[in-house]
A.B. asks: 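Please read through the structure below; I'll follow up with questions.
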Amino acid sequence: MIHRLAHLWKYADKLFGLLPRLKAVRDRRRDPPIPASALNATLLMGAILRLPSLLDIAGKTQRHGWQKLIGHRPISHDTLGYALEHGCPEDWRELLVSVNRQLKVNKRFEDAKIGGYLVAAVDANEQFKSRSRCCAGCCQRQVKLRNPLGLEYEVTEYYHRQVYAQISGPDFSAVLDLEAMRPGEEEAAAALRLLGRMRRMYGVRFLDGITVDAWYTKGPFLRAVDKLGWGVVSVLKDERYEIYQEASVLQKQQPVERWRHAGRAIEVREVKDLPFTVAALGSVRVVLADEVWRETTLVGGRRMLEDKTSHWRWLVTGRFAPAPKKAIWEMGHRRWGIENHTFNELTQAYHLEHCPRHEAVANEVWLLIRVLGFLIFELFANLYCKTVRQGDQTLKDLRDELFLDLGNWQELVPLWSG
Ligand SMILES: [Zn+2]
């Protein structure tokens with residue numbers, strides 16, 4: 001039998017030098033009795049093994065195999081919480097960035113490219129909400145409720161929401177970075193802070209651009225991303241925009257390109273050189289898609305074939321100007337990936353909605369560790385493990401096998417010797 005857990009650490013170390021990089025992650029505890037490396041490895045292994053809470057992770061540190069790996073005795077959940085609060089988000093982010101950069105150097109993102117372009121989906125996710133707890137990083141909103149007598153009243157709801165940038169490929173998804181929305185700010189402001197930092201940390205050449213939903217289709221946002229050097233494909237929904245109306249009229253004179261995809265008949269047209277609300281952005285391009293397919297529905301116990309249609313409009317800026325229509329169509333749809341795969345996985349398997357310490361730094365560190373654990377597990381499962389690749393083993397089976405391997409502690413070696 002292969003010792004999967006030992007292989008996972010070896011694989012991650014070989015693929016992107018994980019161990020020395022993990023050891024370099026600092027924290028801000030004073031005179032710590034437990035080395036940061038043991039705590040950080042514990043938190044990361046907790047994420048890789050999809051453990052839902054600090055209590056669960058602390059419980060697993062009772063295992064001999066765990067202690068042998070991290071080189072320390074059991075760790076309490078209080079200690080782990082304290083470590084999160086005194087964690088160093090900059091260092092964890094640096095680690096995440098260095099892993100992704102190494103993947104790029106190793107050409108692991110080639111299969112995720114669309115028409116030769118590497119595109120990140122940018123989207124927000126609400127982590128949790130609460131009516132009572134409140135920290136300095138909480139956003140708040142008023143929500144209307146009804147009392148038992150049917151009378152409406154308002155309460156304040158606190159929530160945490162983060163913007164994520166993510167690349168999804170056929171084999172794995174990688175979160176490039178994430179940024180929390182600050183109290184009172186708009187999602188687009190957090191997204192721009194995120195993209196500005198990504199530009200500094202990854203460099204402009206790492207990516208060609210981003211895809212976003214209609215929420216971000218606003219002049220100042222598009223202009224700011226353009227200035228960063230990246231293209232944008234964004235959903236154009238707002239009929240109040242002149243460009244929306246103009247594209248609808250002008251498309252009729254444009255040549256159409258047709259193909260079929262997953263049972264759908266696709267028709268795509270484009271209109272170039274349209275002015276948008278922000279003059280400094282220059283002219284932009286709109287790509288329009290009509291999709292038609294049939295779906296079986298049950299009507300009165302009888303199966304009926306029903307015609308379905310959907311219409312899409314995407315606004316295209318900057319670097320994506322020369323991209324073929326089909327590539328834009330694919331980029332526009334690829335952003336479904338961030339909801340369908342990454343957020344589903346992160347929420348269901350990595351317990352993203354759980355907040356172990358309601359405090360801004362602790363939460364940021366926790367989320368960065370979670371997305372790093374998700375990335376390492378996906379790479380290991382889908383690129384390394386033949387059994388998963390061939391469909392003989394599910395991701396959950398693999399996770400269970402990694403757990404069992406903790407029992408075969410004789411075969412485990414300490415992550416860091418000396
Ligand atoms: Zn809060």
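Just so you know, ligand 1 is whichever comes first in the structure, and atom 1 is the first atom listed for that ligand. Numbers for residues simply follow the sequence, beginning at 1. All values reported here derive from a predicted model rather than from experimental measurement.
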A.B. asks: Checking D171 side chain against L383 main chain: does a donor-acceptor pair fall under 3.5 Å?
C.D. replies: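 It does not hold such a pair.
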A.B. asks: Counting neighbours of NZ on K227 that are heavy atoms of other residues, nucleotides or ligands and sit closer than 6.0 Å, is the number greater than 12?
C.D. replies: no
A.B. asks: Decide, yes or no, whether a salt bridge links E345 with R50 under the criterion of side-chain N to carboxylate O below 4.0 Å.
C.D. replies: yes
A.B. asks: Could you work out, with side chain to side chain donor-acceptor pair (under 3.5 Å) as the rule, every residue matching R63, not counting sequence neighbours?
C.D. replies: none
A.B. asks: What pairs with H77 under ring pair (Phe, Tyr, Trp, His ring centres under 6.0 Å), at least two apart in sequence or on another chain?
C.D. replies: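 None.
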A.B. asks: Sorted by chain and residue number, which protein N/O/S atoms are under 2.8 Å from the Zn ion (ligand 1)?
C.D. replies: C135 SG, C138 SG, H160 NE2, H358 NE2
A.B. asks: Excluding sequence neighbours, so at least two apart, what forms ring pair (Phe, Tyr, Trp, His ring centres under 6.0 Å) with H7?
C.D. replies: Y384
